[in-house]
Amino acid sequence: MSSQEEQVQQRAANLDAIIRHGVAPYPSRFERQHTVSELVATHQEKSHDALESEQPRTVTGGRILAIRSFGKANFLVLSDGRSKLQVYVRQDALPPLDFQIFELLDFGDWVGVEGRLFRTRTNELTIWAGRLHFLAKCLLPLPEKWHGLTDVETRYRQRYLDLAVNPEARRVFEVRSRVVSAIRELMTARGFLEVETPMMQPIAGGALARPFRTHHNALDMDLYLRVAPELYLKRLVVGGMERVFEINRNFRNEGISTQHNPEFTMMEFYQAYADYRDLMTMTEELLPAVAHRAIGTDQITFGDHQLSLAAPYARLSLRQAASAAASDRLNQAITEADLRDRDRAAAVAGRLGIDVRPGHGAGKIATGIFEALCEDGLRQPTFVYDFPTEVSPLSKQKADDPDTVERFELYIGGFEVANAFSELNDPLEQRRRFEAQLDDRASGDLEAHEMDEDYIRALEYGLPPTAGEGVGIDRLVMLLTNCPSIRDVILFPLLRKRD
RNA sequence: GACCUGGUAGCUCAGUGGUAGAGCAUCUGACUUUUAAUCAGAGGGUCGCGGGUUCGAUCCCCGCCCGGGUCACCA
């Protein structure tokens, strides 16, 4: 018999013995007076003498994370998932049945405890147990108490084990929860209405990305999982909802990396009467406020870098940044004008070893140069603005420069955290942009945007001047929790099926 | 998709072309304020899967499966 089988059998035998004592193996409910975390918070600062005079009593419960046995005196470590508290179990303080049940407990079991709080000789806050209540069995051996669970594959596949034994895992997801609620509160306070738009869409629009496909049987209709909520949210602005936001999942059928999970969470919002400059200001206000609420500061450590999320953020024009970086790299003056000329831009890219495809215009090439040369270096928050029109089919052109749109992306820690622009609201121009995308699609670009006639019709009814932005929640949480991989901030990241 | 790297006991990890190791966990015994409790003893392995080389493979070679990283693509 393997060690695993032996331990499972032993635990099952203990459960049988508990049942033979007439104790319900899986009771329905247990009423706690306090959680372990509440007890720790309330009594952590109290001295031995203070506890002795106060004699605080409690009923609490949790999972047993350690058992230290001395025969007739024993210590349990009880966890409610956030905090740990020691329980002192001595034979002469418990009813005989409770002590018999205690002797059948295993590391990982769930128990309820009644007793009074005191401090041991080693000054540890402890519950002196007067009653023990069996709540649920742990039939499988848990990972070790000292090293915890470090195998990343097991941590992702069996997140419950990670959460049960690694306090740091719990902390990450608490920060994540606070980030989402902070954004809800801050957006709502600014007059934004939270809405939900379709995640199953007949046309996967709003971003340049490859979608997942699915099928509705009763309607016999092919559908896509959305790559972005953008086009639906702007339809709402057409309908007069001047400030809307949505926090939800997007799905993109593309590669997986430390910064990409096939499903990821975006907060996307639209504000009528605003342009992209207004959104830079708003972003500079929003992110530090979220950081303060989630982790108590806007100064963060990310890998080897100390980053400040406090305003103001650096601002960098995309073509200026790309031409400056190319000049540096090639040791020759490359101008912004060079990057606006298709042939000259292609020559520069070629010398930099950057892939240029036949369908790529000057705008795509300039963006490619920027991404290859500049992105990684943008550690402190930086707005990269004025994107080529060619790569921005839903953004409004600058009044004096039709090759450039009013758009920015916010980079922090070397990756993109937000993307925003003044929305293109001219239906004729939007139709031309879609048609250009169709040309790209015809020449093999699977990420090019499809024509969306209903969206154009909505614009024909009139979209007021509007700016919109998407903020990557997973990436923001990575920054705030110093996690190098997006999988560390997603409870159940997508992994291959395991036989 | 390409390249690099890993998979050994429930967990964390050593290790070797010749019967597979440690700590924790488990089991037995001692112990009524310990805390990685301690002490004495015991059990526990298809060394990811499948081929090949070899007298003999966990180790060398090939293929596959599942992770991690870098790149490509993207947010």
Side-chain angles (χ1 to χ4, degrees), chain A residues 1-11 13-14 48 65-77 84-94 99 106-108 118-126 128 138-158 161 165-166 206-210 227-228 250-266 268 353-355 367-368 371-372 375 391 409-411 415-419 445-447 470-476 478 484-488 493 495-499:
Chain A
M1 190 162 40
S2 71
S3 171
Q4 160 101 332
E5 287 164 341
E6 181 188 327
Q7 292 186 50
V8 170
Q9 201 174 74
Q10 182 60 40
R11 284 162 179 263
N14 286 342
H48 174 272
L65 286 190
I67 302 176
R68 291 185 286 274
S69 176
F70 296 80
K72 297 188 180 69
N74 306 271
F75 296 89
L76 302 178
V77 176
K84 295 174 187 175
L85 182 58
Q86 182 169 261
V87 179
Y88 181 45
V89 180
R90 47 184 292 162
Q91 186 169 17
D92 59 12
L94 286 181
F99 193 76
D106 288 294
F107 174 45
F118 76 112
R119 283 194 185 274
T120 61
R121 280 178 202 157
T122 49
N123 209 36
E124 172 135 353
L125 184 65
T126 304
W128 188 303
C138 177
L139 286 169
L140 300 170
L142 277 182
E144 195 212 326
K145 60 187 175 190
W146 182 243
H147 296 93
L149 180 67
T150 62
D151 181 81
V152 288
E153 187 174 354
T154 310
R155 287 183 48 224
Y156 298 154
R157 288 188 195 275
Q158 295 178 271
L161 293 180
V165 302
N166 292 333
L208 306 181
R210 296 181 65 177
V227 296
N250 293 337
F251 306 86
R252 300 192 183 173
N253 204 343
E254 288 161 358
I256 294 177
S257 77
T258 49
Q259 284 154 34
H260 303 82
N261 195 63
E263 52 179 310
F264 63 102
T265 301
M266 290 266 289
E268 199 157 316
I354 295 167
D355 187 32
T367 307
E371 286 172 354
E375 249 184 45
V391 297
E409 289 184 348
L410 173 63
Y411 283 83
F415 52 75
E416 183 188 336
V417 174
N419 180 20
D445 183 351
L446 297 170
E447 285 157 12
V471 179
I473 300 300
D474 313 271
R475 291 182 175 181
L476 183 56
M478 286 167 67
S485 170
I486 198 168
R487 293 179 207 103
D488 293 324
L495 298 179
R496 281 192 168 83
K497 219 164 43 167
R498 198 153 203 198
D499 303 330

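Note that the structure is predicted; figures quoted are calculated from it, not measured. Numbered from 1 within each chain, the chains take letters A, B, ... in sequence-line order.
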What integer number of Å spans the [atom1] atoms of [N] and [M]?
N	M	atom1	value
B/A9	B/G15	P	15 Å
B/C13	B/A20	C1'	14 Å
B/G7	B/U58	P	15 Å
B/G23	B/G56	P	35 Å
B/G18	B/C59	P	11 Å
B/C27	B/A37	P	15 Å
B/C24	B/A14	C1'	15 Å
B/G10	B/G48	P	13 Å

For [X], report the nucleic acid contact type (base, sugar-phosphate, nothing); a contact means any heavy atom under 4.0 Å.
X	answer
A/Asn253	nothing
A/Gln86	base
A/Arg487	sugar-phosphate
A/Arg496	sugar-phosphate
A/Asn74	nothing
A/Gly472	nothing
A/Gln10	sugar-phosphate
A/Arg475	base
A/Gly148	sugar-phosphate
A/Leu208	sugar-phosphate
A/Thr258	sugar-phosphate

- Item | Minimum heavy-atom distance A/Ala207-A/Ala228, with the two atoms named | CB-CB, 4.0 Å

May I ask you to evaluate whether [X] reaches the phosphate of [N], defined as a side-chain N or O under 4.0 Å from OP1 or OP2?
X	N	result
A/Arg11	B/U26	no
A/Thr154	B/C66	no
A/Lys145	B/A25	yes

Output the single nucleotide from [options] whose closest atom is nearest the side chain of [X].
X	options	value
A/Arg90	B/U33, B/C66, B/C13	B/U33
A/Asp106	B/C27, B/A36, B/A37	B/C27
A/Pro141	B/A37, B/A75, B/G10	B/G10
A/Ser2	B/G67, B/G44, B/U34	B/G44
A/Thr120	B/G68, B/U34, B/A36	B/U34
A/Gln7	B/A25, B/C66, B/C11	B/A25
A/Ser485	B/G69, B/G68, B/C24	B/G69
A/Glu6	B/G68, B/A75, B/G43	B/G43
A/His147	B/U12, B/U34, B/G10	B/U12
A/Ser3	B/G68, B/G10, B/C24	B/G10

- Looking at CZ of A/Phe264 and CD of A/Gln259, how far apart are the two atoms once the value is rounded to the nearest 0.5 Å?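 The CZ atom of A/Phe264 sits 12.5 Å away from the CD atom of A/Gln259.
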
- Atom CE of A/Met478 and atom CG of A/Asp488: how far apart are they, to the nearest 0.5 Å?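 A/Met478 atom CE to A/Asp488 atom CG measures 8.0 Å (nearest 0.5 Å).
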
- Item | Check: B/U33 base within 3.5 Å donor-acceptor of A/Arg121 side chain |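 For A/Arg121, whose side chain was compared with the base of B/U33, there is no donor-acceptor pair (under 3.5 Å).
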
- Message: Which is more 5' along RNA chain B, the nucleotide nearest A/Tyr156 or the one nearest A/Gln259? Just name the residue.
- Response: A/Tyr156

- Task: Determine whether A/Ile256 and A/Arg487 make a side-chain contact, defined as any pair of heavy atoms from C-beta on separated by less than 4.5 Å.
- Result: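 They are in contact (side-chain heavy atoms under 4.5 Å apart), so the answer is yes.
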
- Query: Paired with B/A40 by Watson-Crick or G-U wobble geometry, both distances under 3.5 Å: which nucleotide is it?
  - Reply: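 B/U28 is the nucleotide pairing with B/A40.
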
- Task: Evaluate the ring planes of A/Phe118 and A/Tyr88, with Trp represented by its six-membered ring, and classify them as parallel (under 30°), tilted (30 to 60°) or perpendicular (over 60°).
- Result: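 A/Phe118 vs A/Tyr88 ring planes: tilted.
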
- Query: Is it true that atom CZ of A/Arg119 has more than 12 heavy atoms of other residues, nucleotides or ligands lying nearer than 6.0 Å?
  - Reply: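 Enclosed: over 12 neighbouring heavy atoms sit under 6.0 Å from CZ of A/Arg119.
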
